[in-house]
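Protein chains get the first letters and strands the later ones, always in sequence-line order, with residue 1 at the start of each.
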Amino acid sequence: MLRAVPELPEVETTRLALKRCIAGRRILAVLGKPMTMRRPLEPREIDREIRGRRVTALRRRGKYLLIDVEPHDSGSLLAHLGMSGRFAIHRRGDPVVSHTHLTILIEDDVEIRLIDPRRFGFVSWLKPGAEDSDPSLARLGLEPLDATLPRMLPVLYKPRRSPIKSLLLDQTLVAGIGNIYATEALWRAGIRPDRKGQRISLDRLGELARCVQAVLNEAIECGGTTLRDFSAPDGNLGYFAISLSAYGNQGTPCPRCGHTLVHMVLGGRTTAWCRQCQR
DNA sequence: CCAGTATCCTGCAGGC
DNA sequence: TGCCTGCAGGATACTG
């Protein structure tokens, strides 16, 4: 199984698991050392802000996770898992794996741990009102699971000259799609990754939007049905084996037509695709 | 404004 | 067997 980079489905699965385990529970303490990450990690500041408070809600925006605490509108934790980040749910006393940068102690002996070898992710405290002006959140585009996507994606992509693959990865247009699900959605839609947005009909872009939603929903469903909240032995969340038709499968037969899948590099990202049935 | 590229970081696969 | 190189990619600063 490929070790998947967290995209929207993995973040959503993490959100649902964290919700089941910590929503309504009180935070006892936050532990960790200051660390250079995508944004500086300041465990003591986070501890000062959320110690003793109850978790009220877990939200997702694109690939970002928001953890709200009581009282209402008193600020939130903002997290991004980057490329190698994950939240693990543990019991107090479980062995600590390397690259555990943050530990959130929850009542009833639950611990939430942030593990991120590459440190492209982050967890930071958003002061009350800071959410609206946060530079990362403010730039995010449409939620891909929104019912308006089939109508809006063609409008957003049609004027663009970039390859469709690059447009799918542009978080300011639609937020939450990464390299894996962009590759899968294009394979499903039968669109070659380097075709410019301008050169794709509105109908085909609408179909692409439905493929994006289908592959994301299937991945979430897969995660929801295969993941346990406390998964032995390491408590990892948000990683699961959805069967991928194109991503990483260059050199093997296309599951639809049998033609050998090839790969190309677009914007520094590899894409597997089928010359026969992706036009 | 827009499109394309370099950069951060570590683990690991592949080659010799 | 072991070392070395290069690749993996999300967000963003930077360049053309």
List for me each residue that meets side chain to side chain contact (heavy atoms under 4.5 Å, CB included) alongside A:Met35, sequence neighbours excluded, and say none if there are none. A:Met37, A:Leu41, A:His101, A:Arg119
What residues, two or more places apart in sequence or in another chain, satisfy side chain to side chain contact (heavy atoms under 4.5 Å, CB included) together with A:Asp146? A:Glu143, A:Thr148
Check whether the side chains of A:Asp68 and A:Thr56 place a donor and an acceptor atom closer than 3.5 Å, and report yes or no. no
For C:dA8 and A:Ser84 - does any side-chain N or O of the residue sit under 4.0 Å from the phosphate oxygens OP1/OP2? no
Is the phosphate of B:dG11, meaning OP1 or OP2, less than 4.0 Å from a side-chain N or O of A:His99? yes
Co-members of the apolar cluster containing A:Val262 [side chain, <4.5 Å]: A:Met264, A:Leu266, A:Trp273
Readout for nucleotides 10-16 of chain C: B = base within 4.0 Å of protein heavy atom, S = sugar-phosphate only, - = neither; 5' to 3' it is BBS----
Do side-chain atoms of A:Glu184 reach the backbone of A:Ala246 as a donor and acceptor pair under 3.5 angstrom? yes
Mind listing the N/O atom pairs, protein and nucleotides 1-3 of chain B, below 3.5 Å?
from, atom 1, to, atom 2, distance (Å)
B:dA3, OP1, A:Arg161, N, 3.2
B:dA3, OP2, A:Arg160, NH1, 2.9

Salt bridge present between A:Glu131 and A:Arg59 (N-O < 4.0 angstrom): yes
Between the side chains of A:Lys19 and A:Glu12, is the shortest nitrogen-to-carboxylate-oxygen separation below 4.0 Å, so that they form an ion pair? no
In this structure, are over 12 heavy atoms from other groups packed under 6.0 Å from A:Lys158 atom NZ? yes
Counting the atoms with a prime plus P, OP1 and OP2 as sugar-phosphate, which does A:Thr36 contact under 4.0 Å by heavy atoms, base, sugar-phosphate, or nothing? nothing
Anything under 30° is parallel, anything over 60° is perpendicular, the rest tilted; go ahead and classify A:Phe122 against A:His80. parallel
Please give the angle, rounded to 10 degrees, between the axes at the start and the end of the helix from B:dC2-C:dG16 to B:dC16-C:dG2, where five pairs define each axis. 50°
